[in-house]
Amino acid sequence: MEFMDSVRKQFLYYRQLGEKTMEQVDEAGLFWQYNPESNSIATIVKHLWGNMLSRWTDFLNSDGEKEWRQRDAEFENDLETRNQVTEKWNEGWDCLEQALSGISDKDLDRTVYIRNQGHTVAEALSRQLAHYASHVGQIIYIGKMIKGGEWKTLSIPKGGSKAFNDTKFAAEKGKAHYTDEFLKKN
């Protein structure tokens, strides 16, 4: 598998984890905050949207921190409906996926800039993958707090590790991407 194939699958995996979480939360839950200093799911989505549009628009040719980006405004809680949250979510991820479709393994050593700091494409991909994974993790954590005992796990359920491992080790060894099973289910 080429590196870019793996990167695309990992980004898709985190997109789907966020979507599966938001599907479990009612509309009010998207705007719930633990306290006034914490972010709601909607606010995290708005921040991801702004970051994705800035980083991935003209990714290979212009600085990833666009002049038009209003980062501080991304943390203002002005989204009001599930539809608005979903629109921002999809617009950001669609921008990312379109940019990824134009990157190949031969581009990985090219230099791109974020706030005037040079990164290889591989470094920029890793930076954004880690950034988005951390925010999707926050979304999942908030979703779990809201749903409590009604939460439907997105990974191996508590107490299910032995059965999961038994199934894995009973199968023939083989090469596969760790997201393949999750992506097939969804």
Side-chain angles (χ1 to χ4, degrees), residues 1-25 30 33-34 37-66 69-75 85-86 88-145 153-156 175-183 185-186:
M1 175 180 296
E2 293 184 355
F3 179 77
M4 284 307 302
D5 291 335
S6 176
V7 166
R8 286 182 194 96
K9 285 183 177 189
Q10 289 176 77
F11 277 116
L12 179 58
Y13 174 72
Y14 286 107
R15 180 179 187 165
Q16 290 189 1
L17 286 175
E19 289 170 358
K20 293 295 179 190
T21 298
M22 290 186 282
E23 288 170 6
Q24 291 190 53
V25 175
L30 295 174
Q33 294 173 254
Y34 177 73
E37 296 303 312
S38 61
N39 293 318
S40 66
I41 291 173
T43 301
I44 296 166
V45 167
K46 189 176 172 192
H47 167 58
L48 284 169
W49 163 80
N51 180 279
M52 288 173 175
L53 292 184
S54 185
R55 295 293 183 267
W56 300 104
T57 299
D58 196 30
F59 172 71
L60 292 173
N61 301 304
S62 66
D63 196 284
E65 187 67 13
K66 305 296 186 284
R69 182 179 184 199
Q70 300 294 314
R71 185 182 181 280
D72 292 337
E74 295 165 15
F75 296 95
V85 173
T86 301
K88 295 285 189 215
W89 178 264
N90 288 332
E91 186 179 2
W93 284 102
D94 291 349
C95 180
L96 159 68
E97 289 173 10
Q98 182 178 354
L100 291 178
S101 71
I103 302 168
S104 70
D105 283 351
K106 66 183 177 198
D107 294 314
L108 296 175
D109 289 330
R110 285 182 63 174
T111 300
V112 294
Y113 293 88
I114 301 172
R115 295 187 182 102
N116 250 3
Q117 182 180 28
H119 299 65
T120 64
V121 167
E123 290 169 334
L125 291 165
S126 295
R127 173 180 172 162
Q128 295 313 117
L129 185 59
H131 182 202
Y132 303 158
S134 71
H135 285 309
V136 170
Q138 292 170 332
I139 289 170
I140 293 167
Y141 188 73
I142 294 167
K144 288 176 81 168
M145 286 194 300
T153 189
L154 303 175
S155 62
I156 303 167
K175 187 163 173 29
H177 197 271
Y178 74 95
T179 64
D180 287 344
E181 289 179 36
F182 179 82
L183 297 174
K185 290 183 206 175
N186 299 298

Checklist outcome for this item: Contacts of His119 meeting ring-ring contact (aromatic ring centres under 6.0 Å, His included) (sequence neighbours excluded), chain-then-number -> none

Item to check | Expected output: side-chain Asn39 to main-chain Phe75 donor-acceptor under 3.5 Å | outcome: no

Checklist entry - Who passes side chain to side chain contact (heavy atoms under 4.5 Å, CB included) against Thr153, sequence neighbours left out? => result Trp151, Ser155, Pro157

Checklist entry - With sequence neighbours left out, what residues match Ala73 under side chain to side chain contact (heavy atoms under 4.5 Å, CB included)? => result Gln70, Glu76

Checklist outcome for this item: Contacts of Asp94 meeting side-chain hydrogen bond (donor to acceptor under 3.5 Å, both in side chains) (sequence neighbours excluded), chain-then-number -> Arg15

Item to check | Spacing of Ile103 atom CD1 and Phe3 atom CZ [to the nearest 0.5 Å] | outcome: 10.0 Å

Next on the checklist: Asp109: which residues meet the side-chain hydrogen bond (donor to acceptor under 3.5 Å, both in side chains) condition with it, sequence neighbours left out?
Outcome noted: none

Next on the checklist: Going by side-chain hydrogen bond (donor to acceptor under 3.5 Å, both in side chains), name the residues that satisfy it together with Ser40, two or more places apart in sequence or in a different chain.
Outcome noted: Thr43

Item to check | Non-neighbouring partners of Tyr34 that pass ring-ring contact (aromatic ring centres under 6.0 Å, His included), sequence neighbours left out | outcome: none

Checklist entry - Mind checking what makes side-chain hydrogen bond (donor to acceptor under 3.5 Å, both in side chains) contact with Tyr132, not counting sequence neighbours? => result Asn51, Trp56, Gln128

Checklist entry - OG of Ser6 to CD of Gln10: how many Å apart, nearest 0.5 Å? => result 4.0 Å

Item to check | Under 3.5 Å: donor-acceptor pair, side chain of Ser38, backbone of Gln33 | outcome: no

Checklist entry - For Asp63, what residues pass the salt bridge (charged side-chain N to carboxylate O under 4.0 Å, His left out) criterion, not counting sequence neighbours? => result none

Checklist entry - So, Thr57 side chain and Leu53 main chain: donor-acceptor pair closer than 3.5 Å or not? => result yes

Next on the checklist: Using the salt bridge (charged side-chain N to carboxylate O under 4.0 Å, His left out) criterion, which residues pair with Glu65? Sequence neighbours excluded.
Outcome noted: Arg55, Arg69, Arg115

Checklist outcome for this item: Residues at least two apart in sequence or cross-chain that pass salt bridge (charged side-chain N to carboxylate O under 4.0 Å, His left out) with Glu37, listed by chain then number, are none

Checklist entry - Got a sec, which residues hit side chain to side chain contact (heavy atoms under 4.5 Å, CB included) with Thr111, two or more places apart in sequence or on another chain? => result Tyr113

Checklist outcome for this item: Value for OH (Tyr13) from NE2 (His177), rounded to nearest 0.5 Å, stands at 10.5 Å

